[in-house]
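Report on the structure given below.
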Amino acid sequence: MGHRIPPDAPPSCGVLGFSQGVATAMRWVADGAVRARCFVGWAGALAADVQQDRFAAAVANTAVTLVAGESDSFATPTARKSVLTSMRRLHRDTREIVFAGGHHLDPGVLTMLLNELPLND
């Protein structure tokens, strides 16, 4: 018999936070509102008020990706390095994607990330 998810389990989905929404998405995942199949932090900072151990536990089996444009005036190279270093303390396999562009969602990168999203639990 297959794996059964308890009826009161939070929904499983991909989570993407953009800009200031990265911190909000982190809070949502750490609080157990969803089981994140993947977590994408796009051009934003990490939430300073999230219990790091709770977030780390929540994304332990999750694909974590940080994305930013190389010419993003908010996600500068220094800021990107700091965010990546901090996220890798929480999830060592965090990958980084930097695309040609600024502070926006890039359709090509977004399509790639959506295509990577698993279809089944």
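Scope of the values below: all heavy atoms of this structure, side chains included, with no hydrogens, waters or symmetry mates.
In this structure, the side chain of H103 does not engage the main chain of F74 through any donor-acceptor pair within 3.5 Å. At least one donor-acceptor pair under 3.5 Å links the side chain of D106 to the backbone N or O of G108. Checking side-chain atoms of S82 against main-chain N and O of T78 turns up no donor-acceptor pair under 3.5 Å.
I97 and V64 are assigned to two separate hydrophobic clusters, defined by single-linkage of ILVMFWY side chains at heavy-atom distances under 4.5 Å. A single hydrophobic cluster is not seen to contain both M87 and V40; linkage of ILVMFWY side chains at heavy-atom distances under 4.5 Å, directly or through other members, places them apart. At a threshold of 4.5 Å between side-chain heavy atoms, the hydrophobic network of Ile, Leu, Val, Met, Phe, Trp and Tyr places V83 and F55 in one connected group.
Residues R80 and L66 fail the side-chain proximity criterion, which asks for heavy atoms closer than 4.5 Å. Using a 4.5 Å heavy-atom cutoff, the side chains of L113 and V67 are in contact. Contact check for R35 versus T62: no side-chain heavy atoms found under the 4.5 Å cut-off. The shortest distance between side-chain heavy atoms of W42 and V109 falls below 4.5 Å. For the pair M26/F39, a side-chain contact is recorded, criterion being any heavy-atom separation below 4.5 Å from C-beta on.
Interatomic distance, CE of M112 versus OG1 of T65, reported as 7.0 Å (0.5 Å rounding). Note that CG of L84 is 10.5 Å distant from CZ of R89, once rounded to the nearest 0.5 Å.
Minimum interatomic distance between G69 and V98 (heavy atoms only, all atoms of both residues): C-CG1, 4.3 Å. The two residues A75 and A68 come nearest to each other via the heavy atoms CB-CB, 3.8 Å. What you find for A45 and V22 is that their closest heavy atoms are O-CG1, 3.5 Å. A56 and L90 get closest at one heavy-atom pair: CB-O, 3.4 Å. Among all heavy-atom pairs drawn from V29 and A36, the shortest one is CG2-CB, 4.2 Å. Between A43 and F18, the closest heavy-atom pair is CB-CE1, 4.2 Å.
Annotation for D93: atom CG counts as buried by contact number, over 12 foreign heavy atoms lying within 6.0 Å. Residue-environment remark: CD (Q20) stays at or below the threshold of 12 foreign heavy atoms within 6.0 Å. Counting heavy-atom neighbours within 6.0 Å of Q52 CD, excluding the residue itself, gives a total of 12 or less.
Taking the six-membered ring where the residue is Trp, F99 and H104 present perpendicular rings, their angle passing 60° and hence far from 30°.
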